[in-house]
Amino acid sequence: MESRTDLIEDLMSRFPHVPREAVIKEDLLRGGLAFDDAALTDNENGDVKPKSYFIFSFDHRTLPELGEAALRRPPEEIVLTGGPYGLRRTVVSVRTNPSSPYRVKPDADGRLMLFLEGRAIAEVGLPPMPDYYRHTLANGKQVMEVAPSIQWGYLIYLTVFRVCQYFGAKEECQYCDINHNWRQHKAAGRPYTGVKPVDEVLEALAIIDRHDTLKTSTAYTLTGGSVTSQVGGKTEADFYGQYAQAIEERFPGRWIGKVVAQALPRADVQRFHDYGIRIYHPNYEVWDKRLFELYCPGKERYVGREEWHRRILESAEVFGPRNVIPNFVAGIEMAEPFGFTTVDEAIDSTAEGLQYFMSRGITPRFTTWCPEPTTPLGKTNPNGAPLEYHIRLLETYRATMEANGLTSPPGYGPAGAGKAVFSVSSFMDSLPAEE
């Protein structure tokens, strides 16, 4: 059996046009990494920005199984540089896996390093605690709880509804642990506000605006679980729209406003735009028709795949194609027992979806699948998808984008290896840097 080092070096040599930084980043995202106790942070009282669990767990174990990492949180992200592969600055979202062959720990000289199978392969930088995290709302809530930031401070992530109304085996997306993540934080006694009041969000943003003097935070994302009936007497568009309206009235133009919601009817989408939202993410999750029906049963039941796609195209008439950026979960195409059994088949399917949207000027993006253990697909696929799938996807994504004359989507920070800050996928690292 080849070692993980053999695997990544083989892929680096076979796919030289994919940055080697992306090969390691994708492997960390799909399989996680471990932390020595000496590398863990002191939660909100330390000098390192801790993991906020901003929507999903993005862990390979439940909180009770993480040991010290559940008591002293790992960092939100790490940045990798140097080492034997000469890595350029690479920002990686932290997905904790105590059994990973990757481990963050100090070396003999006390430098924090990333080790793979016992060999140091990169220096590790930790995100500094932002000044705004050191302040609390008037009611004592932490800014990190109400308005955490990710992507090295670029994006404020506003999960204003922490659960999803697609509930149970017949409705929940089969790779998604939003509802379990809510339950495990409540069981652990952690603060985890289910519905964030508008005034608390505004107060947290005011603290960020006041203390983020360098204007590192550039965008915000409004999101949360799907609403199939109502929340607080409001339908999905009105529920999320109230936050957009309030934020844009209070802080006009301060941040790029983005919303992740279902693929909604045009009138609802128009209201988002009218409130000041500039980027819309109606995530299509997986392209293949059979897999969409199996893995997204709630979305299939309430909207349906064909209608979902029709609404995505229609929303481009409101926002402009460049500003409609639907996400898919890269890797679930190969999840057993229903997924494709070869990388070729999975890539062909995903490429068909990319071409469908990119040929119409819409640029999807993707999140690298983390097989969380409480989800049906995570339970049956603890190792996720093959690393080769993820590397070939990066190659296919860039080729399809270039063939359609598109450039990196807005609202994700800079593109290019050594410059990208998008942390839950390497697609921005793998695109050409823009001058």
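Heavy-atom basis, side chains included; hydrogens, waters and symmetry copies ignored. Sequential numbering from 1 along the given sequence is applied to the chain's residues.
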Where the side chain of Glu145 meets the backbone of Thr193, is there a donor-acceptor pair that is under 3.5 Å apart?
yes

Begin with the C-alpha distance, continue with both residues' side-chain angles, and end with the deciding distance and a verdict on side-chain contact (heavy atoms from CB on, under 4.5 Å) for Gln270 and Tyr275.
CA-CA 9 Å; Gln270 184 67 55; Tyr275 289 145; over 6 Å; no

Using distance alone, with no hydrogens and no angle criterion, decide if Ser229 and Gln165 have a side-chain donor and acceptor under 3.5 Å apart.
yes

Quick check for you: to the nearest 0.5 Å, what is the distance between Glu9 atom CD and Leu116 atom CG?
8.5 Å

Do you know which of Tyr389, Tyr397, Trp287 makes side-chain hydrogen bond (donor to acceptor under 3.5 Å, both in side chains) with Thr350?
Tyr389

Any luck finding a side-chain donor-acceptor pair between Thr235 and Gln230 under 3.5 Å?
no

Spatial distance of atom CE (Met144) from atom OH (Tyr133) [nearest 0.5 Å]
6.5 Å

How close do Ala219 and Trp255 get, counting heavy atoms only, and between which atoms?
N-CD1, 3.8 Å

Measure the spacing between CG of Leu158 and OH of Tyr220 and express it to the nearest 0.5 Å.
8.0 Å

Does Lys25 reach the main-chain N or O of Val91 with its side chain, forming a donor-acceptor pair under 3.5 Å?
yes

Pairing donors with acceptors under 3.5 angstrom, does anything connect the side chains of Asn181 and Tyr192?
yes

Would Tyr412 and Tyr154 count as a side-chain contact (heavy atoms from CB on, under 4.5 Å) if you check the C-alpha gap in whole Å, the side-chain angles of each, and the deciding distance to 0.1 Å?
CA-CA 8 Å; Tyr412 286 90; Tyr154 176 88; 5.6 Å; no

With rounding to the nearest 0.5 Å, note down the distance linking NZ in Lys299 to SG in Cys173.
4.5 Å

Does the side chain of Ser149 come under 3.5 Å of the side chain of Lys49 through a donor N or O and an acceptor N or O?
yes

Is there a side-chain contact (heavy atoms from CB on, under 4.5 Å) between Lys51 and Asp59 once you walk through the steps?
CA-CA 11 Å; Lys51 183 167 177 171; Asp59 281 334; 2.7 Å; yes

Strictly under 6.0 Å, is that where the ring centroids of Phe422 and Phe427 end up?
yes

Side chains of Ser349 and Glu352: is there a donor and an acceptor less than 3.5 Å apart?
no

Just verifying a value: how many Å separate Ser93 OG and Glu76 CD, rounded to the nearest 0.5 Å?
6.5 Å

Counting N and O atoms only, with roles assigned by atom type, does the side chain of Thr375 sit under 3.5 Å from a partner on the main chain of Gly378, one being a donor and the other an acceptor?
yes

